[in-house]
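Notes to accompany the following structure.
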Amino acid sequence: MTACVGFDLDMTLIDPRPGMAEAMNTLAAESGLPFDGEHFAANLGAPLEHVLREFGAPEDRLPALVARFRQTYPDLVIPRTVALPGAGEALAAVRGAGARTLVVTGKYAPNAQRHVRALGWTVDRLVGGLWSTAKATALTEHRASVYVGDHVGDIRGALAAGAVAVGVATGPCPRDELLAAGAHVVLDSLTEFPRWFAAHGERGAITPGDAPGPAR
């Protein structure tokens with residue numbers, strides 16, 4: 001059986017968009033900088049520092065801006081975040097099969113942990129602050145043979161770790177982009193994950209060669 005399955009967080013397991021938009025708009029109002037909360041929330045994935053740079057934040061202000069966003073996060077984002085359909089069941093399917101659950105996210109780890117606690121989930125390990133191919137570090141360390149994510153960066157991270165790249169079309173990247181990035185399979189949502197995992201995980205450790213090709 002697969003020893004460990006990794007999941008991304010934002011728009012894979014959770015939908016934090018309303019709170020993320022509010023937090024970014026609050027930062028814009030306080031800082032006087034042209035941050036667009038709605039655009040930010042619709043395109044979640046990249047690290048906060050990268051997003052702020054793209055919005056035109058001066059480099060010397062980045063540390064204070066990041067710190068302030070993280071400070072307001074527990075009050076503005078955590079209470080307004082919901083689990084995406086099938087998220088809890090997907091985590092339970094992995095643990096029910098005797099495998100470990102791993103969350104690897106670009107999000108600041110303490111805030112990611114707050115989401116997990118607020119939703120009452122049990123996750124064996126959570127690693128924050130990693131994006132795109134950098135996620136391979138944690139996936140390799142924890143021997144994850146599957147990584148599930150909604151962004152092309154997640155697919156790149158899975159492939160860099162030699163893991164089965166499972167895309168889920170619940171985030172900013174549509175199915176065709178996930179497939180083009182190299183996803184072995186793309187699910188419409190995590191409601192499909194337990195059946196997929198049972199079919200492809202019960203016969204032993206999953207490898208990319210076991211996963212269905214990009215037919216979906």
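All values derive from a computational prediction rather than experimental measurement.
Contact check for Arg68 versus Leu65: no side-chain heavy atoms found under the 4.5 Å cut-off. Here the side chains of Val104 and His142 are not in contact, with every heavy-atom distance at 4.5 Å or above. Using a 4.5 Å heavy-atom cutoff, the side chains of Phe197 and Val5 are in contact. For the pair Glu49 and Trp131, the minimum side-chain heavy-atom distance is 4.5 Å or more. The side-chain heavy atoms of Leu44 and Pro16, taken from C-beta on, include a pair separated by under 4.5 Å. Using a 4.5 Å heavy-atom threshold, the side chains of Leu76 and Thr26 count as touching. The side-chain heavy atoms of Met24 and Leu27, taken from C-beta on, include a pair separated by under 4.5 Å. For the pair Val148/Asp8, no side-chain contact is recorded, criterion being any heavy-atom separation below 4.5 Å from C-beta on.
No donor-acceptor distance shorter than 3.5 angstrom exists from the side chain of Arg53 to the backbone of Leu62, with no hydrogens or angles considered. Counting only distance, with no hydrogens or angles, the side chain of Asp15 and the backbone of Met11 share no donor-acceptor pair below 3.5 Å. Looking at Thr105, its side chain never comes within 3.5 Å of a backbone N or O of Leu9 through a donor-acceptor pair. Asp75 places no side-chain N or O within 3.5 Å of a backbone atom of Thr72 that could act as its donor or acceptor partner. In terms of modelled atom types and a separation under 3.5 Å, the side chain of Thr137 and the main chain of Ala134 share a donor-acceptor contact. A donor-acceptor distance shorter than 3.5 angstrom exists from the side chain of Arg175 to the backbone of Val186, with no hydrogens or angles considered. Proximity of a side-chain donor or acceptor of His184 to a complementary backbone N or O of Ala165 within less than 3.5 Å is detected. The main-chain N or O of Asp188 is found under 3.5 Å from a side-chain atom of Glu192 such that the two form a donor-acceptor pair.
Here the CZ atom belonging to Phe69 is positioned 5.5 Å from the CG atom belonging to Leu48, to the nearest 0.5 angstrom. With rounding to the nearest 0.5 angstrom, the CZ atom of Arg117 is 10.0 Å from the CG atom of Leu126. To the nearest 0.5 Å, atoms CG (Leu102) and CD (Glu141) are separated by 9.0 Å. In this structure, OG1 in Thr81 is found 11.0 Å from CZ in Arg17, a value given to the nearest 0.5 Å.
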Exercise for review: Please assess Arg70 against Asn111 for the test side chain to side chain contact (heavy atoms under 4.5 Å, CB included), listing each intermediate value before the final yes or no.
Suggested key: CA-CA 8 Å; Arg70 290 174 176 173; Asn111 284 335; 4.2 Å; yes

Exercise for review: Report the C-alpha separation of Met20 and Asp10 in whole Å, then their side-chain angles, then the decisive distance to 0.1 Å, and conclude whether the side chain to side chain contact (heavy atoms under 4.5 Å, CB included) test is met.
Suggested key: CA-CA 10 Å; Met20 293 289 258; Asp10 286 351; 3.8 Å; yes

Exercise for review: Evaluate the side chain to side chain contact (heavy atoms under 4.5 Å, CB included) criterion for residues Leu13 and Leu91: first the C-alpha distance (whole Å), next the side-chain angles of each, then the deciding distance (0.1 Å), finally the verdict.
Suggested key: CA-CA 9 Å; Leu13 291 171; Leu91 293 169; 4.3 Å; yes

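Two different hydrophobic clusters hold Trp121 and Val127 under the rule that ILVMFWY side chains link at heavy-atom gaps under 4.5 Å. Under the 4.5 Å side-chain contact rule for hydrophobic residues, Ile14 and Leu187 share a cluster. One hydrophobic cluster, built from ILVMFWY side chains closer than 4.5 Å, holds both Val103 and Val146. Put simply, Val66 and Leu130 are part of two different groups of oily side chains (I, L, V, M, F, W, Y) that touch within less than 4.5 Å, one to the next. By the rule that hydrophobic residues join a cluster once side-chain heavy atoms approach within less than 4.5 Å of another member, Leu84 and Leu178 end up as members of separate clusters.
Between Phe193 and Phe7, a ring centre-to-centre spacing shorter than 6.0 Å is recorded. Between Tyr73 and His115, a ring centre-to-centre spacing shorter than 6.0 Å is recorded.
For the residue pair Asp150 and Thr170, no side-chain donor N or O sits within less than 3.5 Å of a side-chain acceptor on the partner.
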